[in-house]
Amino acid sequence: MAIKYIDTANFEGKKVLARFDFNVPLKDGNITDTSRIDKALPTIKHILESGASKLTMMSHLGRPKSNEDTQFSLEPVAKYIAEKLDFNVVLAPASVDAGVKELLTLNETKIVLLENLRFHKEEKANEMEFASKLSHYADVYVNDAFGVSHRKHASVHEINRFFASNAYAGFLIKSELEALDKVLNKPQKPFVGIIGGAKVSDKIATIEKLLTSVDHLLIGGAMAYPFLKSKGVEVGNSLCSDEDVKLATNILKADKVGKIKLPVDHIVSNSLDGDANTCDDVKIDEGMIGLDIGAKSIANYCEIISTAKTVLWNGPMGMFENESFSNGTMSIAKALSESSAFTVVGGGDSVSAMNKSGHADKVSHISTGGGASLEYIEKGELPGIQALKFGVN
Ligand code: AMP
């Protein structure tokens with residue numbers, strides 16, 4: 001069964017319950033990056049402009065231990081959405097119980113944001129009873145929380161049990177699935193995958209999957225050292241666990257035609273906050289830590305990227321939070337922005353590097369859900385999306 005998107009739904013006079021990912025960063029009670037909310041606005045506006053009689057929104061925020069963790073209240077989110085819509089947004093005191101049902105019967109509550117779903121442990125436990133209570137608020141369910149759809153949580157998974165033919169995906173999920181499907185199903189060749197970050201074990205399944213479809217897989221960041229070590233190259237004191245070397249060895253064995261490309265030089269230091277030194281050799285001296293890919297590696301990678309028709313990037317090329325070790329990551333961001341290929345960037349760090357480069361608008365798609373996009377690449381499906389299509393048994 002195909003997924004149903006909100007542009008095919010009839011919301012006229014309907015009560016709509018919609019799950020978003022409003023898990024925004026907060027500092028002193030203020031939102032420091034509103035992009036997750038901004039990306040949900042087209043779906044919110046569409047529901048309201050399509051004549052819905054009531055919109056009840058729900059989200060989680062952070063990792064509260066209980067409902068006493070008031071710093072995780074969605075109050076700043078409710079305020080921000082109200083400003084953006086120029087309409088009153090009522091924050092309900094809880095997601096369920098606490099008089100929420102009565103509150104929703106009032107005429108004044110046209111747009112409601114339920115308080116943090118994770119104030120209730122039942123949300124993460126995917127409890128049917130909790131999902132059932134939520135479902136009583138509305139006639140139609142919308143999921144636009146792509147970044148949470150790899151989780152079997154009540155508001156994205158179990159809840160579908162109660163909206164058999166009345167469940168829709170929002171515009172954010174639509175754009176994520178369209179972009180990722182374009183990369184997964186018959187990508188235009190050459191297809192170049194770029195994987196970086198800290199640990200092979202975190203991305204092993206994604207790497208294995210990508211190896212079947214890419215023409216080149218460029219590896220950078222700390223991820224590269226287990227691969228180099230597995231090939232017998234000394235990596236000094238670089239981040240490199242025995243477990244990751246084992247995984248890298250297996251991946252290299254599976255790579256029969258040499259799709260995997262590794263750094264040939266590095267930027268190193270004797271400590272994580274020490275001075276940056278050039279290491280022209282592939283081998284890193286004892287006592288030194290590899291913290292970025294070097295100039296020759298950047299040139300090699302950019303050359304390959306320039307030939308690509310499809311590019312997928314996840315994970316930084318070094319410890320880019322420190323400017324001395326950010327050149328590799330920023331050079332990849334620039335190469336993607338200059339590419340005419342279909343370019344998809346996922347994962348918090350690569351996305352923030354892309355934003356920092358000032359060229360985020362030049363890539364084809366920026367994925368909002370790091371974990372969700374990796375899992376979708378690996379499995380071609382997510383529990384929340386599957387439940388939206390087929391319901392829950
Ligand atoms: P991940 O969440 O796996 O994408 O990893 C991202 C983190 O990896 C970032 O915080 C980077 O600073 C870190 N990282 C990338 N390359 C290195 C490196 N060579 N040494 C230490 N940390 C690194």
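Computation of the quantities below employed the complete heavy-atom set of this structure, encompassing side-chain atoms and omitting hydrogens, waters and symmetry-equivalent molecules. Just so we're clear, the structure is a prediction, and the values are computed from it rather than from any experiment. In each ligand, atom 1 is the first atom listed, and ligand 1 is the first ligand listed.
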Peer 1: Could an N or O of ligand 1 be found under 3.5 Å from any N or O of Leu239, whether backbone or side chain?
Peer 2: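 Leu239 vs ligand 1: no N/O contact under 3.5 Å.
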Peer 1: Within the structure, does Gly290 bring an N/O atom to less than 3.5 angstrom of an N/O atom in ligand 1?
Peer 2: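 Between Gly290 and ligand 1 (N or O atoms, distance only) the closest approach is under 3.5 Å.
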Peer 1: Any side-chain donor paired with an acceptor under 3.5 Å for Glu176 and His365?
Peer 2: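 A pair is found: one side chain offers a donor N or O, the other an acceptor, under 3.5 Å apart.
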Peer 1: Regarding atom 17 (C) of ligand 1: of the candidates Ala222, Gly347, Pro316, which has the closest heavy atom?
Peer 2: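 Going through Ala222, Gly347, Pro316 one by one, Ala222 has the nearest heavy atom to atom 17 (C) of ligand 1.
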Peer 1: Pairing donors with acceptors under 3.5 angstrom, does anything connect the side chains of Tyr376 and Asp181?
Peer 2: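 Side-chain D/A pair, Tyr376 to Asp181: present.
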Peer 1: Heavy-atom contacts under 4.0 Å between Leu291 and ligand 1: side chain, backbone, both, or neither?
Peer 2: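 The part of Leu291 near ligand 1 is both the backbone and the side chain.
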Peer 1: Which atoms of ligand 1 have any heavy atom of Gly221 under 4.0 Å away?
Peer 2: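 In order of numbering, the contacting atoms are 16 (N), 19 (N).
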Peer 1: Within 45° of the ring axis of Phe191 and under 6.0 Å from its six-membered ring centre, is that where the NZ or CZ of Lys309 lies?
Peer 2: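 Geometry flag: not set, cation outside 6.0 Å or 45°.
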Peer 1: Give the residue, atom name and distance (to 0.1 Å) of the protein heavy atom nearest atom 4 (O) of ligand 1.
Peer 2: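 For atom 4 (O) of ligand 1, the nearest protein heavy atom comes out as Lys203 NZ, 2.9 Å.
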Peer 1: Indicate whether the side chain of Asp38 and that of Tyr80 have a donor and an acceptor atom separated by less than 3.5 Å.
Peer 2: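 Yes, side-chain donor-acceptor contact under 3.5 Å.
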Peer 1: Using distance alone, with no hydrogens and no angle criterion, decide if Glu115 and Ser73 have a side-chain donor and acceptor under 3.5 Å apart.
Peer 2: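 Result is yes, a qualifying pair exists.
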Peer 1: From atom 2 (O) of ligand 1, work out which of Asn314, Asp292, Asp349 has a heavy atom at the shortest distance.
Peer 2: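 Among Asn314, Asp292, Asp349, the closest heavy atom to atom 2 (O) of ligand 1 comes from Asp349.
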Peer 1: Partners of Pro25 by side-chain contact (heavy atoms from CB on, under 4.5 Å), sequence neighbours excluded?
Peer 2: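 Per chain and number, Pro25 pairs via side-chain contact (heavy atoms from CB on, under 4.5 Å) with Thr32, Asp33.
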Peer 1: Arg118: which residues meet the salt bridge (Lys or Arg N to Asp or Glu O under 4.0 Å) condition with it, sequence neighbours left out?
Peer 2: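 By the salt bridge (Lys or Arg N to Asp or Glu O under 4.0 Å) rule, Arg118 matches no residue at all.
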Peer 1: Quick one: nearest non-hydrogen protein atom to atom 22 (N) of ligand 1, plus distance?
Peer 2: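 Result for atom 22 (N) of ligand 1: Met319 CG, 4.0 Å.
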Peer 1: Quick one: which of Gly318, Ala198, Ser269 has a heavy atom closest to atom 15 (C) of ligand 1?
Peer 2: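 Looking at heavy atoms only, the winner is Gly318.
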Peer 1: Relative to atom 12 (O) of ligand 1, which among Lys199, Glu321, Met317 owns the nearest non-hydrogen atom?
Peer 2: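 Closest candidate by heavy-atom distance is Glu321.
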Peer 1: With a 4.0 Å cut-off, would you call Lys246 and Glu243 a salt bridge?
Peer 2: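 Salt bridge flag = no for Glu243 with Lys246.
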Peer 1: Should you measure from each heavy atom of Tyr225, which atoms of ligand 1 turn up under 4.0 Å away?
Peer 2: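 Those qualifying, in numeric order: 19 (N).
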Peer 1: Does only the side chain of Phe325 get under 4.0 Å from ligand 1, or the backbone, or both, or neither? Count heavy atoms.
Peer 2: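 Within the 4.0 Å criterion, Phe325 makes no contact with ligand 1.
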